[in-house]
Every structure is written in structure tokens, then in C-alpha cells.
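Worksheet for the structure shown next.
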Amino acid sequence: MASSEEIQTLILTTLDAQGSIENTNTLRSAGGDPIPYLAVVGVLNSLASKEMLTYTTIEKDHYNLTDEGNEIADSGSHEAKVFNAVDAVEGISIAELAKLFGASAKIGQGKAFRNKWIKKDGEKLVREVDSIVDQTQQDALEIRKNGTHSSAATLKDLQSRKLIEKVKLISYKVTKGPKFSLTIEKQATDLTADMLADGSWKTQTFKKYNFAGNPPEGGHLHPLMKVREEFRKIFFELGFEEMPTNKYVESSFWNFDALFQPQQHPARDAHDTFFLLDPATSSNFQDMEYVNRVKEVHSHGGYGSIGYGYDWKIEEAEKLILRTHTTSVSSNMLYRLAQETKASGVFKPAKFFSIDRVYRNETVDATHLAEFHQVEGVIADKNLTLGDLIGFMEVFFEKMGVPNIKFKPAFNPYTEPSMEIFSWHPGLEKWVELGNSGMFRPEMLEAMGLDPDVRVIAWGLGLERPTMIKYGLDNIRELLGHKVDLDMIQSNPACRLDKKMGKELVGKDAIDA
Ligand code: PHE
């Protein structure tokens, strides 16, 4: 076999003489042998890396005879053998035929019958024609010679009879590269101090780096986080400040009591709320006067409210829970705003928002998990009205790409009035609920120490539903949990809430409200 230096010289001299090599399968060694393709590709790669040539791959189907195919090419098909064994005058008995050809007698016999070469005559087989042409043998010989056959139907037939096998032959078309030359310059792999000192680096050629760049695997934002970024941008554009939500464990006080949510409220029940076991409670209240005002307003009323008229217990407020809504953070922030106002003597209007996880002990299904994200906004200013809430919601949802919204009266223990927000879903052809909103109750705000003319409008919505709609997911388990496809996270585009992404769920596949 030719050495790789010989193949290299052969390729370079052929290129030099012909300008290009149409197909490397025409190359022959000094001894006249074809060059194995693996040896060719090795040399081509090495010369291509030096830009001495370029090449493209040529793939061709080639058919080889199987052992049985070779046997037929050499000594004829089973049916021809059977025909030849049938004596022109005497015929032959079936038993004798089996003795002669064994298992292949049956195949040959069947084919010879079908070709109408022989027929049955009593116990014997006799010839029906005087002579035959063994087409199968001729086909096998043609394939042996050419590696293929002029008739596609014959190729298919012989393949299904397992007489031939298809293989792919690979060869190359080669053309000269920009640095084509008959001699191969030795390329340096390192720039050395000597080369710098003696100046030889100026003329030296260097071997190219041949490692492929691999983009780093990590650092992909989860779709929920992409949508969260969009919401954050909207809030920042509108002048909001982000609330610190980095506490998932909250006291019942801030999650419920401060929000004027009575202690017997069913939402506090173990069915909806995750209670902590250890520690189960915290009595770390900074401002007992405020706690007592909350107790008073729950038990007996105040600030124009008749209260709930029940016996408010601090033990219930001390219970630690996983927050059920981010409104627990909002209530804490409004309390702080009241304290700052008291300290400075000036009320400063505030716009707060948060986007973070909340927990509810709910039955998990295709669209619900026991934890999810809430987007919440709060605006505190003097003399705000329901009109401000409605007007602001229109601005906010317009920025999200939701132009037509409607409101429906609703109930929250901590807001009055309260409104659910709906938008028309063109795919589902119905109004779907987007969120919940309202004006915080004076019982809640005034107990904190805010002036009666300070009004707070607030709203909340989920992050999961818009994310699933935007990214075309119809099962929440594709978004969160152990079934999440990492490729989904790596390959999904950035989200623009006000632009269509082309994969939003519409029609019957959309997530039901
Ligand atoms: N906390 C409410 C919820 O969990 C949302 C909301 C926030 C409603 C603020 C009114 C005001 O659905």
C-alpha cells in the first residue's frame, strides 16, 4: 500500500497537472492500485489545514454481491440449476432434485415453475421450454462488474432476495487552495523566543489552531426568569421600586393579620397554607402598639370599621408559614412607609413592585403547582381613587401587550373595592382572568399609622400563565420540576411581552383560565 507521503505527492502532482481532481477514486498508486479512502482523507485533511487544497465529499451508492449472490454469479441461479437438472427427455423426480440441491431445490423449483420453464407430469418434473436465459446470473454479473445495475427495479428485487448489499462509497473532489504548492513547508506549532530574537518569525508559517470553539453550556435564563425580566422592565419604566422579597417564611401576622384577614378565614386553614413545624412560631414583633391596634380593629373595629367582632389571638399571628402571597411583603413595606412618614413628618408617595415565589397547599395538576410566582404592584398616594386604579391597570396591561381589559367586582379581605381583571383571549374566544386588584382597606392602612387621606391601590397576577402562553407550553410540569427539558431552557428566545413570539398557545391548546 502507498505510504501517506506517496499519496500526498500523488495528489499534489495530479492537482498541479490537471488543476483539479474530479474524483479521488480515479487515483492509482505506482503499482496501479486504487487508494483506500481513509488514507486519502487523512492526506486531504492535512493539506487542507495548510490551505494547499480544498475538497468536497462525493457519496455514491455501491452494491456488493452477498455470498449467495456470488455463488449465483459463478454457477447460475437456483432456478437455472433446477432447469438444467431436468433431463430434456426423461424429466426428473422431485425426490431426486431434492437429493441434488438440498434446501435450495424448493426455491429453484418454485421460480422455474413461475418462469414457466418446467411443469409437473405425474410424479415427475419435465421441461416446458427447450432453453433458458439465466437473467438472475446475468444481473449478478453486471453488479459484480459495475457495482450497480441499470435497472432500479432489479436492484430492489435483488436486495430483497438478499443477493446484494448496498454500501456507500466515499470519495472526494479536490481543487487547489490559496497556498497550493508542490512542496510542503514545515509549519511551526509554537512561536519561540529564538524566532523572535533572530527575526525568523517574519517568514515562518505557523500551524493553525484546529480546535473547535465550544460555547459555554451554562448561563441560560429560565423562561420564567425571562418573563420576570420583562415585567421588571415595565415596572422600572413606570418608576417603581422593587420590594425585598427574599423571605419565603413569613409570620401569619404580615401575611394575614396586618391585611385585615380574620383568623378564622378558610385560606389560613391547613388546606391552603403550609405551616412551619420547626420553628412553628415567632414572637419577634418590633412594634407591639401596632400589633395591638391590629388586634383592636379585628376584634372591635376602628377607623370607621365595625371590625369582625371576634377574639383576636396573638398565638395565631405568631404562626410561621410559607407566604401564600407577596402581599405579605407589601403590607410590611406599607407599615415601613407609615413609620418613615412619622419620622420625617412628610408623606412621600410610593410605587412598589415585587415578583417572587409564593406557596399554597393545592392539588397539583397540569396548570397548578404548590408554588408559583406572583407579580405585584402597589401605589400609595394621597386621595387616589378607583379611577386611578382602573386607569393605571389599562396603562400597565397595555405595556404587556394586552390592550383590552375589563373589570369585575370581587372580594379580598384586605381591599375594598376589589376587582378581578380580565382580558379577551382571541384563541380561546373568551374573557380570561389575568389578575386581581383593589384599594387597601382603611382598617389596614390607618392601623399602620398612615393618614386617612393616603390611599393605596394594588394588584397582583401570576407569572406562570403568561410564561406558558408565551413559550407555548400547556403543562406546567414542562416549565418547573424534574421533567423540564434542559434544551427548552437553553434554546428558548428572549421574551417581549408586547411582541408576538410565534409560539404562543392559541385555540383549544391554550391554558384554560
Ligand atoms: N394577593 C392577591 C392574590 O394573592 C393579589 C392582590 C394583591 C389583590 C394586591 C389585591 C391587591 O391573588
Side-chain angles (χ1 to χ4, degrees), residues 211-238 240 242-250 274 322-326 329 353-377 396-397 399-402 423 425-428 432-435 459-513:
F211 44 73
N214 285 325
E217 294 264 303
H220 296 274
L221 272 190
H222 188 281
L224 274 174
M225 296 300 106
K226 289 180 180 156
V227 177
R228 183 175 80 154
E229 272 318 294
E230 273 294 292
F231 275 111
R232 289 182 86 222
K233 267 189 225 148
I234 293 176
F235 278 114
F236 286 133
E237 254 172 58
L238 293 169
F240 280 72
E242 192 160 18
M243 294 188 261
T245 48
N246 53 347
K247 46 177 176 183
Y248 302 115
V249 173
E250 189 56 276
F274 287 112
L322 293 180
R323 67 175 175 227
T324 63
H325 54 184
T326 45
V329 179
F353 82 94
S354 68
I355 308 171
D356 210 341
R357 260 171 215 237
V358 301
Y359 303 85
R360 290 192 197 163
N361 194 357
E362 280 181 314
T363 316
V364 172
D365 64 23
T367 53
H368 295 89
L369 291 179
E371 56 180 285
F372 56 98
H373 292 76
Q374 280 190 332
V375 179
E376 180 152 327
F396 180 80
F397 283 99
K399 280 200 176 273
M400 270 177 62
V402 181
S423 83
H425 193 295
L428 287 176
V432 296
E433 194 194 328
L434 292 180
W459 67 99
L461 56 138
L463 185 64
E464 276 74 4
R465 192 189 295 165
T467 305
M468 287 168 74
I469 292 175
K470 278 280 160 190
Y471 285 90
L473 304 171
D474 61 5
N475 191 328
I476 200 156
R477 296 178 188 100
E478 290 167 38
L479 192 65
L480 285 168
H482 67 284
K483 286 194 181 150
V484 168
D485 174 7
L486 285 182
D487 188 54
M488 179 277 289
I489 293 172
Q490 293 179 353
S491 59
N492 264 323
C495 167
R496 280 285 305 270
L497 287 173
D498 59 344
K499 292 259 181 340
K500 284 251 176 297
M501 289 165 64
K503 48 163 103 174
E504 282 92 341
L505 285 183
V506 290
K508 65 174 172 43
D509 294 332
I511 301 144
D512 221 324

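What you see below is based on every heavy atom in this structure, not just the backbone, and it leaves out hydrogens, waters and symmetry mates.
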So, using side chain to side chain contact (heavy atoms under 4.5 Å, CB included) as the criterion, who are the partners of Asn475 when residues are at least two apart?
Ala366, Arg477, Glu478
Run Leu369 and Glu464 through side chain to side chain contact (heavy atoms under 4.5 Å, CB included) and show every step you take.
CA-CA 10 Å; Leu369 291 179; Glu464 276 74 4; over 6 Å; no
Tell me if a side-chain donor or acceptor on His222 pairs with a main-chain N or O of Leu479 at a distance below 3.5 Å.
yes
Over 60° means perpendicular and under 30° means parallel, so tell me whether Tyr359 and Tyr248 are parallel, tilted or perpendicular.
perpendicular
For Glu362, the salt bridge (Lys or Arg N to Asp or Glu O under 4.0 Å) test, sequence neighbours excluded, returns none
Go through it in stages, so that I can follow the logic: the residues are Phe396 and Ile234, the test is side chain to side chain contact (heavy atoms under 4.5 Å, CB included), and I'd like the CA-CA distance, side-chain angles, deciding distance and then a yes or no.
CA-CA 8 Å; Phe396 180 80; Ile234 293 176; 4.0 Å; yes
Please report the interatomic distance CG(Asp474) to CD1(Ile476), rounded to the nearest 0.5 Å.
11.5 Å
Hey, does the side chain of Arg323 reach the backbone of Val329 with a donor-acceptor pair shorter than 3.5 angstrom?
no
Considering all heavy atoms of both residues, which atom of Leu238 and which atom of Lys399 are nearest to each other, and what is their separation?
CD2-CE, 3.7 Å
Lys226: partners by salt bridge (Lys or Arg N to Asp or Glu O under 4.0 Å), with sequence neighbours left out
none
For Arg232, enumerate each residue passing the salt bridge (Lys or Arg N to Asp or Glu O under 4.0 Å) test, keeping only those at least two apart in sequence or located in another chain.
Glu229, Glu242
Say you draw a straight line from CZ of Arg357 to CG of Leu224; how long is it, rounded to the nearest 0.5 Å?
8.0 Å
Is it true that a side-chain atom of Gln374 and a backbone atom of Thr326 form a donor plus acceptor pair closer than 3.5 Å?
yes
Can you list the residues that meet the side chain to side chain contact (heavy atoms under 4.5 Å, CB included) rule with Asn246, with sequence neighbours excluded?
Pro244
From Met243 atom CE to Ile355 atom CD1, the distance as rounded to the nearest 0.5 Å
10.0 Å
To the nearest 0.5 Å, how far apart are CZ in Phe372 and OG1 in Thr467?
13.0 Å
Distance in Å, Arg465 CZ paired with Glu433 CD, rounded so as to fall on 0.5 Å steps
7.0 Å
Of all the heavy-atom pairs spanning Asn492 and Pro223, show the shortest one and how long it is.
ND2-CG, 4.1 Å
Report the relative orientation of the aromatic rings in Trp459 and Phe235; use parallel for angles under 30°, tilted for 30 to 60°, perpendicular for over 60°.
parallel
Go through the structure and list residues passing side-chain hydrogen bond (donor to acceptor under 3.5 Å, both in side chains) with Glu230, not counting sequence neighbours.
Lys233
If every non-hydrogen atom of Leu434 is compared with every non-hydrogen atom of Ser423, which pair is closest and at what distance?
CD1-CB, 3.6 Å
Could you grab the distance from atom CG of Asn361 to atom CG of Leu322, nearest 0.5 Å is fine?
9.5 Å
Side chain to side chain contact (heavy atoms under 4.5 Å, CB included) between Arg228 and His373, intermediate numbers included
CA-CA 9 Å; Arg228 183 175 80 154; His373 292 76; 5.6 Å; no
